[in-house]
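Below: one structure, written as structure tokens.
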Amino acid sequence: MSIPFKDNAEMEAGGTAAFLRLLPGAHDRERRGAILQVNGRGSPVEFTYNRVDLPASALWRPDQLQREVAKTLAASLFEATRRTPLVIICLAAEIPPALFGEDLDVKIPVCRVAPEPDLEPAPSGGEDVLTGGRSLHLFWRPHLPAPQSPPRRLVATLSGRGLLLEPFDRMLEGLEEAFRADASADEVR
């Protein structure tokens with residue numbers, strides 16, 4: 001018989017935040033992606049990763065191919081996650097607005113984070129925050145949630161703890177470790 005329990009950090013925030021990264025891979029034709037879900041204290045709850053190879057076809061325009069690969073990789077990560085987060089957080093420099101505006105219809109809020117020097121023109125639905133001594137602009141999609149909504153409270157909690165950028169660095173290390181382990185497993189087979 002198991003003992004029923006709830007994780008207080010997750011309950012405090014009302015759920016998890018999913019940090020999304022889409023990156024170049026080990027070679028020119030590979031793209032890697034990951035989702036790290038964390039609770040309100042920044043502790044990892046779930047890590048999902050995948051990679052795709054770009055098709056070797058002259059039929060694609062280069063910009064169209066990159067966009068299609070980003071869409072395919074993001075969709076594969078969304079399908080593989082076991083938990084439904086309250087919000088998806090990504091870097092504005094890595095994730096173009098069209099991914100969540102035109103290519104994928106995501107049913108939860110998306111928050112694209114831009115450090116001040118990287119700011120793009122601010123559309124409506126954004127806000128500025130100060131976290132970990134850095135000024136950030138948050139671009140919300142489809143719109144800026146209400147201040148007391150669970151997604152916005154979770155982002156505010158993470159921001160207050162200086163955790164709006166730090167998980168992206170952890171994800172790089174997680175991807176390196178995961179793909180190194182995958183390569184070792186392939187060598188054994």
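All residue numbers in this chain count up from 1 along the given sequence.
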Side chains of [X] and [Y]: does their closest heavy-atom pair fall under 4.5 Å?
{"X": "L154", "Y": "R152", "result": "no"}
{"X": "V38", "Y": "L158", "result": "yes"}
{"X": "H137", "Y": "E127", "result": "no"}
{"X": "R141", "Y": "C111", "result": "no"}
{"X": "F139", "Y": "P97", "result": "no"}

Subject >> Partner of L138 under side-chain contact (heavy atoms from CB on, under 4.5 Å), chosen from L144, T131, V129 >> reply: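 Running side-chain contact (heavy atoms from CB on, under 4.5 Å) over L144, T131, V129 with L138 returns exactly one hit, V129.
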Would you check if the side chain of [X] reaches a backbone N or O of [Y] as a donor-acceptor pair within less than 3.5 Å?
{"X": "R21", "Y": "G33", "value": "no"}
{"X": "E30", "Y": "R51", "value": "no"}
{"X": "S43", "Y": "N39", "value": "no"}

From [X] atom [atom1] to [Y] atom [atom2], the distance as rounded to the nearest 0.5 Å:
{"X": "D103", "Y": "D105", "atom1": "CG", "atom2": "CG", "value": "11.0 Å"}
{"X": "T81", "Y": "L36", "atom1": "OG1", "atom2": "CG", "value": "12.0 Å"}
{"X": "L136", "Y": "L165", "atom1": "CG", "atom2": "CG", "value": "5.0 Å"}

Looking at [X] and [Y], what are the two nearest heavy atoms and their distance?
{"X": "L130", "Y": "S135", "answer": "CD1-N, 3.8 Å"}
{"X": "G15", "Y": "L86", "answer": "N-CD1, 3.6 Å"}
{"X": "G42", "Y": "L163", "answer": "CA-CD1, 3.6 Å"}

**OP:** Kindly indicate, with the supporting measurements, whether the criterion side chain to side chain contact (heavy atoms under 4.5 Å, CB included) is fulfilled by E94 and R112.
**Re:** CA-CA 9 Å; E94 283 181 7; R112 293 174 55 247; over 6 Å; no
Original post:
Do K71 and E68 sit within salt-bridge range, that is, some charged N less than 4.0 Å from a carboxylate O?
Top reply: yes
Subject >> Cationic N near anionic O, under 4.0 Å, E102 to R67 >> reply: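 Yes, this pair counts.
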**OP:** Test T157 against R41 for side chain to side chain contact (heavy atoms under 4.5 Å, CB included), laying out the working first.
**Re:** CA-CA 8 Å; T157 298; R41 294 185 185 140; over 6 Å; no
**OP:** List for me each residue that meets ring-ring contact (aromatic ring centres under 6.0 Å, His included) alongside F168, sequence neighbours excluded, and say none if there are none.
**Re:** F19
Original post:
Which pairs, with at least one residue in residues 22-47 and sequence neighbours excluded, count as a ring pair (Phe, Tyr, Trp, His ring centres under 6.0 Å)?
Top reply: F47-Y49
Original post:
Members other than V110 in its cluster, when Ile, Leu, Val, Met, Phe, Trp, Tyr link by side-chain heavy atoms under 4.5 Å?
Top reply: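 ILVMFWY cluster around V110 also holds L20, L22, I35, V52, L54, W60, L65, V69, L73, L77, F78, I88, I95, L99, F100, L104, V106, I108.
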Original post:
side chain to side chain contact (heavy atoms under 4.5 Å, CB included) between V113 and I89: does it pass, once the steps are laid out?
Top reply: CA-CA 7 Å; V113 179; I89 302 171; 3.6 Å; yes
**OP:** Mind running side chain to side chain contact (heavy atoms under 4.5 Å, CB included) on R32 and N50 for me, showing each step along the way?
**Re:** CA-CA 6 Å; R32 293 178 176 184; N50 199 1; over 6 Å; no
Original post:
Heavy-atom count around D169 CG within 6.0 Å, excluding the residue itself: above 12?
Top reply: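 Count over threshold, so yes.
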